[in-house]
There are 2 protein chains.
Amino acid sequence: MREVFHQSLEDLQARLVEIADLVTVAIDKATRAFATSDVALAEEVIADDAKIDALAITLDEQAIEILARQQPVARDLRIVVTALRVSASIERMGDMAEHIAQLARLRFPERAIPKGLKGTFVKMGELDVEISRTLSELLRTGDLRFADTIRNADDDVDELHATVFEKVLSDNWKGEATATVDATLASRYHERFADHAVAVAKKMVYLATGDWQVSEAEIALAVEQQQELGHA
Amino acid sequence: MREVFHQSLEDLQARLVEIADLVTVAIDKATRAFATSDVALAEEVIADDAKIDALAITLDEQAIEILARQQPVARDLRIVVTALRVSASIERMGDMAEHIAQLARLRFPERAIPKGLKGTFVKMGELDVEISRTLSELLRTGDLRFADTIRNADDDVDELHATVFEKVLSDNWKGEATATVDATLASRYHERFADHAVAVAKKMVYLATGDWQVSEAEIALAVEQQQELGHA
């Protein structure tokens, strides 16, 4: 029974990593489609989001099945609860990638990235892809140093998000309303993508420490603690 | 033990309703602050969001405590799992109200609602407030007809959201970049508020039926079924 149970928990973790990996593919394709006006790539992202949604639902059902049949306690319970909370965030990350792709498709064959913002959005896209890859590693290994990496990268995304608004609201901004709308929405999608990853990172800290409410500063403390204890 | 357990479940429900009621106050104040450039009202919303966040965290901890100590099964398990999923959505609704208030405060003493969009945003605000009140009723009573009401009101919000973009992207749009950005963000906040309420409504259908994946059409079916069975 215990063996079956541990297999269930490992399956849960493997599925989470699987979904996170699909999200990495999605955000990589979406940000590239957005930067290069690649409508075929955008269509792939949009079509593949259904797979991410379906896997998240299956994972949720599995988690609830474990709760119902195994009635886990202590750390095992935290694992299952974390999986439930985290799947919702990862699924939203997939949605953000889809929204970016939809914007690229909507404006095709025009560029969706407004003039003067290409460098900024390429950087935001690269950060989001790095965040997504790091998130997969965090889910795979539980090594909280990855949580810290995500937190720092999110700070960088927030800075770029602020510069988008600075540029759009400056006297130099030559963009028409369409470009302004696209910049606003696209920047928000990239920023929300990173925010969700931080939310997942905090939940992984909860898993390690049992503390439900985790501030970003507490991520760093939890990393130190994990290193001292020799866990990863 | 059973009595204590049922009290725990009732407490959970009562807390959910409490948070939903606070969100109703928040969205009502936020949309009024946004429409009338009332910075004092906006400040109240922003300050009070911390209360919503804190209550959501406490509710989550309570739900996990019930899972750990009571190991609920069947419908009781669904109640606890639903509470966990729903608290996250309601807390996000509070965030959307806060974002609307922050926009109002940011532009004060100027109006945050761009010229030509006042009627639209007042309507979106009224719909969001109605949706929030209805959500409280749904959480309080479990009557799925409220889920249907929310779904229909969300459709109306989506229509208004579309008209915001139509206006902003039309040749008549005279707004500067600031007005364009504000219209884009504000419309998205109102629309996401309603979306989250629909997500909660779907989870209440899950609670009643046990089906995890609920389409909007299935809400109507679940309402009929509940009526036929005489439950509410």
Side-chain angles (χ1 to χ4, degrees), chain A residues 53-54 56-65 67-74 76-78 80-82 84-85 87-89 92 95 99 106 164-165 167-189 192 195 199 203 206 210-214, chain B residues 53-54 56-65 67-74 76-78 80-82 84-85 87-89 92 95 99 106 164-165 167-189 192 195 199 203 206 210-214:
Chain A
D53 290 350
I57 285 164
T58 307
L59 187 140
D60 290 345
E61 287 171 336
Q62 259 195 314
I64 291 163
E65 185 81 351
L67 287 175
R69 286 180 193 249
Q70 311 281 359
Q71 282 132 31
V73 293
D76 291 341
L77 174 60
R78 291 213 298 272
V80 179
V81 165
T82 299
L84 262 177
R85 299 311 297 278
S87 84
S89 294
R92 279 306 287 163
D95 286 348
H99 288 337
L106 186 66
V164 169
F165 286 114
K167 289 187 176 175
V168 164
L169 300 174
S170 75
D171 294 328
N172 299 334
W173 180 246
K174 301 277 179 290
E176 297 288 322
T178 304
T180 306
V181 167
D182 289 353
T184 303
L185 289 176
S187 199
R188 185 151 172 85
Y189 299 150
R192 288 298 299 145
D195 276 357
K203 287 289 171 275
Y206 155 73
D211 293 324
W212 189 255
Q213 187 176 12
V214 174
Chain B
D53 290 349
I57 286 164
T58 307
L59 186 140
D60 290 346
E61 287 171 336
Q62 258 193 314
I64 291 162
E65 184 81 349
L67 286 175
R69 287 179 193 249
Q70 311 281 0
Q71 282 129 32
V73 293
D76 290 341
L77 174 59
R78 293 213 297 272
V80 179
V81 164
T82 299
L84 263 177
R85 299 312 297 279
S87 84
S89 296
R92 279 305 287 164
D95 287 347
H99 288 336
L106 186 66
V164 169
F165 286 115
K167 288 187 177 176
V168 164
L169 300 174
S170 75
D171 295 329
N172 298 333
W173 180 246
K174 300 277 180 290
E176 298 288 322
T178 304
T180 306
V181 167
D182 289 353
T184 303
L185 290 175
S187 199
R188 187 152 171 84
Y189 299 151
R192 290 297 299 144
D195 276 358
K203 288 290 171 276
Y206 154 74
D211 294 324
W212 188 256
Q213 188 178 12
V214 175

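Chain letters run A, B, ... following the sequence lines, proteins first, then strands; residues in each count from 1. Quantities reported herein were computed from a predicted structural model and do not represent experimental measurements. Scope of the values below: all heavy atoms of this structure, side chains included, with no hydrogens, waters or symmetry mates.
For a residue to count as touching a neighbouring chain, one of its non-hydrogen atoms must lie under 4.5 Å from one of that chain's; by this rule V168(B) touches chain A with backbone and side chain alike. At a 4.5 Å heavy-atom cutoff, the contact between I57(A) and chain B is made by backbone and side-chain atoms alike. Using a 4.5 Å cut-off between heavy atoms, V181(A) contacts chain B through both its backbone and its side chain. At a 4.5 Å heavy-atom cutoff, the contact between R85(A) and chain B is made by side-chain atoms alone. Contact of I64(B) with chain A is made through backbone and side chain together, with heavy-atom distances under 4.5 Å.
Of the candidates V81(B), D60(B), L67(B), L67(B) is the only one forming a side-chain contact (heavy atoms from CB on, under 4.5 Å) with V81(A).
Note that CZ of R188(B) and NE2 of H99(A) are 4.5 Å apart. Values are rounded to the nearest 0.5 Å. Going from atom CG of L77(B) over to atom CZ of R69(A) covers 12.0 Å, rounded to the nearest 0.5 Å.
For CD of E61(A), the number of neighbouring non-hydrogen atoms (other residues, nucleotides, ligands) closer than 6.0 Å is greater than 12.
Counting only heavy atoms from C-beta outward, the side chains of T180(A) and T184(B) never approach each other to under 4.5 Å.
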